[in-house]
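Chain A is the first sequence line, chain B the second, and so forth, proteins listed ahead of strands; every chain is numbered from 1.
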There are 2 protein chains.
Amino acid sequence: MTSLSESGMPRKRPTMKNVADLAGVGVKTVSRVINQERYVSADTIARVMRAAEQLQYQPDVQAGNLRRADRRTDTLGLLVGSVANPFSAAVHRAVEDAAIQRHVAVFASSLDDDPERERASVEAFLRRRVDGLILTTIQRSQAYLGPQLEQGMPVVFVDRKPNGLIADTVLTDNLEGAARGTRHLLAAGHRRIAFLGDSEEIYTAKERKRGYLDALRLEGVAPDPRLVIENLGEEAQAELAVNELLALDDPPTAIFSAQNLITIGAIIALRAQGASERVALVGFDDVPMASLLSPAVTVVAQDPSAIGAIAARRIFERLDGESEPARDFIVPTRLIKRGSGEIRPA
Amino acid sequence: MTSLSESGMPRKRPTMKNVADLAGVGVKTVSRVINQERYVSADTIARVMRAAEQLQYQPDVQAGNLRRADRRTDTLGLLVGSVANPFSAAVHRAVEDAAIQRHVAVFASSLDDDPERERASVEAFLRRRVDGLILTTIQRSQAYLGPQLEQGMPVVFVDRKPNGLIADTVLTDNLEGAARGTRHLLAAGHRRIAFLGDSEEIYTAKERKRGYLDALRLEGVAPDPRLVIENLGEEAQAELAVNELLALDDPPTAIFSAQNLITIGAIIALRAQGASERVALVGFDDVPMASLLSPAVTVVAQDPSAIGAIAARRIFERLDGESEPARDFIVPTRLIKRGSGEIRPA
DNA sequence: CTGAAAGCGCTAACAA
DNA sequence: TTGTTAGCGCTTTCAG
């Protein structure tokens, strides 16, 4: 057993020099062994390894990278809404899985829709010389990243298009996904379909609304402005919105909710009003435990794992020299029919 | 607009020397300004700031820390089950919130119950010279961290007690929580209460089982070994286990499920058997959307945010010089009555 | 208040 | 196959 209290003065960490002295070789030889370069005799390798083992030597990557030609830190910065949010967490996980294969570690940071925090986090990443950046942004403009792009740092935007600069972007097919969900309700016979969306400022929200409107138009259904409620930030607001909708003279027979938390708010409200078996509901973005609710919730699911994987792949491609112009990667959605979206109008 | 394709040769990043030259001062003066040291004239500060601004200078923390006395990297390593798992994600978020206040960035890594990955991740953290480590471990022994502890690196274990060394640990009160959940079922009149647990190797699983058994014993109920099913790793296994239980001649009237996914498996099975309104269920660890299920799920909730916050606080205390012996921090649970746990025996 | 020189731990370039 | 020297970008030390 080793404990903190037993230890005397904290020993200094062993350096490459220490290992070299103990092994009776020069530092560069140790460096060669540690980095598995060629042209070292088996015997020398063994001696160095033994010395390193004995001293519990851990190479210092920061010091190494300081002189190394490419100055890579084998580090990535990931900025998401919140690491505690399931969508972000899935993106994070996918990025991590891609990164670990290249021995790259990832810094993750939550920004909580706070523009101040976006800048602060990005600067913190930059000071730490991350090799690349994967960002969900909130700021009005990302032009402040221009210099990094020019210096050749790979930057991939995720889930939102950047403003003020051109860079690789990975996006859910919000437009088609929302249209698809809406079409699904139209196909079930609904004509009065409400739209619940979040802040009009958010790119994804705008796209989803557009998809909803497009689908209606294509079917020759005139959108009713009273059925379109936006700027719903959280569950409680969505609940209120649904209550209002149901109180209309000619209430909607179906609801398309364009975001996760809004869908949950809608479920709560529909249930409280005893309308959950009567009013159809399709949500954009999957909801946890959706299949265990009654009715089970039909959703247009995003694929956060794919988003994270594509973003990471792109970063590494660019790090490996890919230099084609910035591109948008569109990730398709998947309609998951579970019940709530298959309710027909009375 | 700035784009990748417009840029010519990637320019080299500006260094402190560049700023110094542009401002017409020595490097040390720039260093003083950047680090906000005293004894620099207001005029000089202004000149340096202007030059830094103009060159878009970003200090390189790695280079700085190389020579700095305390050798801090302002970096933390966090190892959790999976960043995509809600419990871990909440811990992560709490750690991040504490870290950001001190301008500390956190590396998060998922270990997926893979001992190999545990070692690899910890080594990756160590090579990057993190200032501290917050770990959910899986390996049989963590003795390999002994040298780090001796060197004075703060290490806090979370959710599991380490083996082979003594270090600060933050734990849910598994024993009392499980006992509490079990007592809740006993108080409702149940005498045949099943226990569903995961791998017997896991510390928390052992504690929860002990809590269950203690509660039964204290009430004078002899535990029936046929009602105790362990080593349930995932939902599907839990479902099978519940099916077996319900097929007994004298089936349980209540179930205490000792883990998240197991609880979900139990819900699915009970519902499939039409038993969810008849057999009581209390789960350890909260379940997403629990209050929207029917019946809503009664749980003994953990407090992952508190766990993360305490772990981070401890790391920083130690970094600030605290040297008291390693301690266990026990985080209480909370019984949330929602319905499934209040069903009485027939 | 300011700057020159040394050196942090490592790798690049070159020499042996 | 191995070692030596310089230098990465910064902070420390110490002298102006």
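- You'll find that the side chain of B/Arg32 is closest to C/dT2, out of C/dG9, D/dT2, C/dT2.
- Residue A/Asn65 is classed as having no contact, given no heavy-atom separation below 4.0 Å to the nucleic acid.
- Other residues, nucleotides and ligands contribute only 12 or fewer heavy atoms inside 6.0 Å of the CD atom of A/Glu116.
- Nearer to the 5' terminus of DNA chain C, by closest-nucleotide assignment, is the contact made by B/Ile45 (compared with the other of B/Ile45 and B/Gly64).
- A cation-pi arrangement is present between B/Arg119 and B/Tyr144 under the rule of less than 6.0 angstrom and at most 45 degrees off the ring axis.
- With C/dT2, C/dG3, D/dC8 as the choices, the nucleotide that has an atom nearest any side-chain atom of A/Leu66 turns out to be D/dC8.
- Across all strands shown, A/Arg38 has no heavy atoms under 4.0 Å from either base or sugar-phosphate atoms.
- Listed candidates were D/dG7, D/dG3, D/dT11. Nearest to the side chain of B/Lys28 is D/dT11.
- The shortest distance between the side-chain N/O atoms of A/Thr15 and the OP1/OP2 oxygens of C/dC8 is not below 4.0 Å.
- At the heavy-atom level, A/Val25 lies under 4.0 Å from the strands shown only through sugar-phosphate atoms.
- Contact annotation: A/Thr29 does not reach the phosphate of D/dT2 (side-chain N/O to OP1 or OP2, under 4.0 Å).
- Across B/Arg117 and B/Ser110, no two heavy atoms sit closer than the pair NE-O, 2.9 Å.
- Distances from the side chain of A/Arg67 to the nucleotides D/dG7, C/dT2, D/dT1 place D/dG7 closest.
- Taking only side-chain nitrogens and oxygens, A/Tyr57 comes nearer than 4.0 Å to OP1 or OP2 of C/dC10.
- When the side-chain nitrogen and oxygen atoms of B/Arg68 are compared with OP1 and OP2 of D/dT11, one or more of them lie within a distance under 4.0 Å.
- Computed from coordinates, the A/Asn18 CG to C/dC10 P distance equals 9 Å when rounded to whole Å.
- The separation between A/Met16 atom CE and C/dG9 atom P is 12 Å, rounded to whole Å.
- The 12-atom threshold is exceeded at CD of A/Glu37, counting heavy atoms of other residues, nucleotides or ligands nearer than 6.0 Å.
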